[in-house]
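Below you'll find the structure, written out as structure tokens, and then a few comments.
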Amino acid sequence: MFVPVSRSTLFLLFLAFGVSVLLRAPMLNRPLSGHHEFCTAFSLIILENWHRDGLLTHSGAPPLTSNAPGDRGATWMGAGSALNNGRYYYLSHPPLGLYLPHLWFRIWNTSPSAWGLQVFGLLLHGLFALGVMRAMAWFAKGDAPLIAGVLVLFMPAPLWFLGNVYMSDIMVVVPWVWHVVAAQRLFGDVGNRPRGMVAFALGLGIVVYTGWLGILAAVVDLGLTLYRWKRWSGRDRTRVVMGIALAVFIPMVLTAWAYSDAVGQVGLVDYLQGRFRQRSTALGVGEEGALYHLGHLLMNYRTGFLPVLLVLIAAVPFALRALRSGTPRIPPGAMLFTVLTAGPVVLEHALLLEYADHDFVALKGAPFLCGTAALVLAAVGKQPWARWFPVSGLLLISALGAGYFWHLNADAGTSVHKDRGLIITRQILPEQVLFWTGPPAEPQMVWYAKRTPWSVSSVDEARAILVRTGQAQGVLFSPDPGGHGLQWTVVDALP
């Protein structure tokens, strides 16, 4: 069953999207410095290396180390198992979330830039809001779908992470929510035949090829398949199970092929095992304990969706009263939406709790939170005395979200990382080795410097690296305690 969205609804969503872009305009194309804008710099470093070297030079794997001779083997952000020919690779996520912006810059025939990547993120935000609205329209009537889409446009987390910040595990929410739309048709159609199998499997495969959330979405899809098992014929069951299996298997094979070709099978396995030990709930919570990371996760949701959370908290007493009276009847479509949008996210938080310390992880809760809040506002609007409540409530919540967004991010405009990166580009020659001492070099500075630093603690350590690698000369930089500048000294292999 396909439920069309009216042109007027699409126009209103497009208008709201335009307002959300204007709201962020002063924050775009600034020097990268805000919270988690290091993710943008991190992505740009990879994209720049592909732009210079060619994607196939690295077998499609994401390289962190630049191609300057003196940078090979530089230990900045490196993991020993993901090294090939002196260049380190970032293999924590499947690659499609980086392939697409690489293609974006190739289409425009321009080198990677923060501005270009931010525009790409804004387009993803519009597609994300449209997907949420479309998923809501499958089961909800009236204003609820539009309300959900607008809420996604004006909550602090989507405003920031689908604009200023970019990484592949942020982009994954876009194909995922459109996979939800396809899954609604497959699992929720009133007929006895699964429909939209091609769109369902293709969408799931794209999600898996973009981020690990796709694996968890596949788990939820498999659970729903078992739930619908008796309604489908044996042939249809086979088609659905095979579709899910292929949607997981093919992207994983492509990912493993590209990554192992770059660093070897043993290197890839060692790398992924190390990342899982760091991120998993069972192994990665450390001395802080699970409660610490759970508190961090809740704080991230508060920061990213506070106005929506206030609506949901206010609705709890009324929901409990309705449950006690036995009056509520949750429509099957709403229950399916809840399972599809909340299920994979809850599984990720449960399995990778340490990873949820990153603010952007809470972005994955947007479809469920904004969709549920939209249902609450629409339900109140059905009361005779609250005819205008959905509109006024939406405007108020959107304004609160935009205001909170500005409160969090308006002052995140320092140029310190750009200033230092440009100093490095002026003071170092291509054949010289870049050394860095002091606090860890931020990805933003590395991006602007277009070089990969060796982290050292002294001139003697830098000289030892020069001798070991056969390089003649390097420059050792350290931050100037008094400002945005740097201090530097030339280091020769032979004193």
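Here L377 contributes atom CG and L394 contributes atom CG; the two are 7.0 Å apart, rounded to the nearest 0.5 Å. Summarising the geometry, atom CG belonging to N29 is positioned 7.5 Å from atom OG belonging to S113; distances are rounded to the nearest 0.5 Å. Atom OG of S43 sits about 11.5 Å away from atom CE of M171, to the nearest 0.5 Å. Distance CG/L117 to CE/M167: 11.5 Å, rounded to 0.5 Å. Note that CG of L272 and OG of S92 are 7.5 Å apart. Values are rounded to the nearest 0.5 Å. One distance of note links CG of D357 with CG of N300; it measures 7.0 Å at 0.5 Å rounding.
With W232 as the aromatic partner, K230 does not meet the cation-pi criteria of under 6.0 angstrom to the ring centre and within 45 degrees of the ring axis.
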Item to check | Trace of the salt bridge (charged side-chain N to carboxylate O under 4.0 Å, His left out) decision for R231 with D236 | outcome: CA-CA 10 Å; R231 182 175 297 183; D236 289 334; over 6 Å; no

Item to check | Pair Q118-Y166, side chain to side chain contact (heavy atoms under 4.5 Å, CB included): steps then yes or no | outcome: CA-CA 7 Å; Q118 288 167 350; Y166 185 86; over 6 Å; no

Checklist entry - Does the pair K364 and V172 meet the rule for a side chain to side chain contact (heavy atoms under 4.5 Å, CB included), with working shown? => result CA-CA 9 Å; K364 298 167 186 175; V172 72; 4.2 Å; yes

Checklist entry - Where do L400 and L310 land on the side chain to side chain contact (heavy atoms under 4.5 Å, CB included) test, with the steps shown first? => result CA-CA 11 Å; L400 289 174; L310 293 176; 5.5 Å; no

Checklist entry - Would D221 and L340 satisfy side chain to side chain contact (heavy atoms under 4.5 Å, CB included), going step by step from the backbone distance to the final call? => result CA-CA 8 Å; D221 291 341; L340 289 170; 3.8 Å; yes

Item to check | Stepwise ring-ring contact (aromatic ring centres under 6.0 Å, His included) check, F105 with H102 | outcome: CA-CA 5 Å; F105 288 113; H102 174 68; 8.6 Å; no

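Side-chain contact, Y448 with D419: no donor N or O sits under 3.5 Å from an acceptor N or O. For the 3.5 Å distance criterion, the side chains of T9 and S6 qualify, holding a donor opposite an acceptor.
In this structure, W447 contributes its side chain and A114 its backbone to no donor-acceptor pair below 3.5 Å. Side chain of N409 to main chain of F405: a donor-acceptor pair is present (N/O by atom type, distance under 3.5 Å, no hydrogens or angles). The main-chain N or O of L395 is never found under 3.5 Å from a side-chain atom of S398 such that the two would form a donor-acceptor pair. Under a 3.5 Å cut-off, the side chain of Q184 and the backbone N or O of A135 do form a donor-acceptor pair. A donor-acceptor pair is defined here as one N or O able to donate and one able to accept, closer than 3.5 Å; such a pair exists between the side chain of R237 and the backbone of W229. With T110 contributing its side chain and R106 its backbone, the two residues share no donor-acceptor pair below 3.5 Å. Panel note: side chain N164, backbone L28; no donor-acceptor pair is recorded below 3.5 Å. Y404 contributes no side-chain N or O that, together with a main-chain N or O of P307, makes up a donor-acceptor pair within less than 3.5 Å. Of the possible polar contacts, none joining the W406 side chain to the G401 backbone as a donor-acceptor pair under 3.5 Å is found.
Side chains of P156 and T303 form no contact here, defined as non-hydrogen atoms less than 4.5 Å apart. Residues P390 and I147 meet the side-chain proximity criterion, which asks for heavy atoms closer than 4.5 Å. Side-chain contact between V416 and S33 is absent, with no heavy atoms from C-beta onward closer than 4.5 Å. Residues L159 and S20 are in side-chain contact: their nearest non-hydrogen atoms beyond the backbone lie under 4.5 Å apart. Here the side chains of P367 and W176 are in contact, with some heavy-atom distance below 4.5 Å. You'll find the side chain of N49 reaches within 4.5 Å of the side chain of S66, heavy atoms only. Between L224 and V339 the shortest side-chain heavy-atom distance falls below 4.5 Å. Between L130 and F17 the shortest side-chain heavy-atom distance does not fall below 4.5 Å.
In this structure, Y301 has its ring center closer than 6.0 angstrom to the ring center of H349. Within the 6.0 Å centre-distance limit, the rings of F139 and F337 are counted as a close aromatic pair. Between H36 and F360, the gap from one ring centroid to the other is short of 6.0 Å.
The nearest pair of heavy atoms linking G211 to D169 is CA-OD1, 4.4 Å. Heavy atoms only, all atoms of each residue included: P158 and H125 are closest at CB-NE2, 3.5 Å. In terms of heavy atoms, G214 sits closest to V207 at CA-CG1, 3.4 Å. Of all non-hydrogen atoms in P145 and G142, the two that sit nearest each other are CD-O, 3.5 Å. Minimum interatomic distance between A148 and M136 (heavy atoms only, all atoms of both residues): CB-CG, 3.7 Å. Of all the heavy atoms in S59 and D261, the pair that sits closest is OG-OD2, 2.5 Å.
Within 6.0 Å of CG in D143 there are 12 or fewer heavy atoms belonging to other residues, nucleotides or ligands. M335 CE: 12 or fewer foreign heavy atoms inside a 6.0 Å radius.
Between F161 and the options V361, V173, D359, a side chain to side chain contact (heavy atoms under 4.5 Å, CB included) holds for only D359.
Between Y90 and H93, the ring planes lie tilted relative to each other; the angle falls in the 30° to 60° range. Taking the six-membered ring for Trp and thresholds of 30 and 60 degrees, Y89 and H58 have ring planes more than 60 degrees apart, a perpendicular arrangement. Between Y209 and Y99, the two ring planes are perpendicular [angle over 60°; tilted spans 30° to 60°].
K450 has no carboxylate O lying under 4.0 Å from a charged side-chain N of E48, or vice versa, which leaves the two without a salt bridge.
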